[in-house]
Amino acid sequence: MKVFEIQGGFGFDYLSAAERPRPEPGHGEVLLRMKAASINFRDILMVRGHYNPRQPLPLIPLSDGVGEVVAVGEGVSRVEVGDRVATVFCQRWRSGVPDKAKLRSTLGGPLDGTLAEYMVLWEGGVVKVPEHLSDIEAATLPCAALTAWSALVTEGDIGAGDTVLVQGTGGVSLFALQFAQALGARVIVTSSSAAKLETAHKLGSWQEINYVDDPKWAKTVKEMTDGVGVDHVVEVGGAGTLQQSLSAVRIGGQISLIGVLAGSSIELNILPILMHRIRVQGILVGSREGFETMNRGIAQHEIRPVVDRVFPFEEAREAFVYMAGGRHMGKICISFD
Ligand SMILES: NC(=O)c1ccc[n+]([C@@H]2O[C@H](COP(=O)([O-])OP(=O)(O)OC[C@H]3O[C@@H](n4cnc5c(N)ncnc54)[C@H](OP(=O)(O)O)[C@@H]3O)[C@@H](O)[C@H]2O)c1
């Protein structure tokens, strides 16, 4: 079968097509014929060797994908041949609070990922996907969507009347925009691009801020919310944006710490956290149970992921380069058809 592997070193030049034997499902395992995959920022870091420089190679990258179950091993009862399923990011994290072993059971590093024509997974490492979604759309769910869901729902308790701020217009942030709206919250979106903010407005954002033109955007957020601040910040910037987020969130509000696009360390005034009783919650994607709950929500609200561009399997490397360029809005996918 055809795969893409990071082999011989790190960097996009080391991502190349290769042949591997088609795997066979053992006891409790399923064989998937992959239909589509999607890329997350983590995958860019993985290929570049920035996520885990000690990751053993070769590695098949990508955590996210959708496939058809084409064979099952003995003892499989959760899925059947013909089912359309998505991969679970942390293969062994079923529900609740994970331990270290569960957090290390991630696809696309350290485990081989979805950029392969076929893959064998434990039957508990897949979930059925909402029927109204295409294969491409469903392939965007395992990491970005579940991260946004975990932030706002599992850990965030967002509801009608709340105000949510999402940073940027990447995969996680646009899912957060869609989920928050579906739950009755209004959303402020920040972006470096006027054109992307215009599109975000068409997707339903309430207010928009250009964080390049307005680097002290917390003040603008306070003005927009009658001096109160937002209930929840979806923090993908990290160290470089956290101080603004601490000023933009209301007393007793939550910041979901998800990404480090603007750095991972900085000198920070932590006083607002205690004086304003702010909850700073780290998020790491989510469990299989969260994934299944999210899928019910996506189906009931008929939410459709925002897909920026689809690349054919043969052009997988170009897809990585395109994502690293940062011009996208929403998800970048790879089709196996
Ligand atoms: N903790 C977790 O479980 C988890 C899960 C998924 C992702 N992440 C992390 O979350 C981050 C986003 O991931 P993604 O997959 O959504 O990436 P993505 O699709 O590549 O989105 C990146 C977007 O973030 C925006 N951005 C960059 N710098 C920013 C800044 N200083 N302030 C505000 N927005 C900024 C940009 O939006 P504009 O172009 O509109 O400016 C950019 O397009 C990454 O750091 C990723 O590693 C963490």
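Start at 1 and go down the list; that is how both ligands and their atoms are numbered. Side chains are part of it too, since the values below use all heavy atoms of this structure and drop only hydrogens, waters and symmetry mates.
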T106 and side-chain contact (heavy atoms from CB on, under 4.5 Å): which single residue from Q91, M46, R42 fits? R42

Looking only at the side chains, is there a donor atom on one of S245 and E235 sitting less than 3.5 Å from an acceptor on the other? yes

Students should find this: residues with any non-hydrogen atom under 4.0 Å from ligand 1. What is the answer? F41, C143, T147, Q167, G168, T169, G170, G171, V172, S191, S192, K196, Y211, V236, T241, I258, G259, V260, L261, A262, I283, L284, V285, M323, H328

Any side-chain hydrogen bond (donor to acceptor under 3.5 Å, both in side chains) pairs touching residues 7-18, not counting sequence neighbours? E5-Q7

For the CD1 atom on I270, are there more than 12 heavy atoms of other groups (residues, nucleotides or ligands in this structure) within a distance under 6.0 Å? no

How about F291 and F89: are their ring centroids closer than 6.0 Å? no

Between Q207 and T220: side-chain donor-acceptor atoms closer than 3.5 Å: no

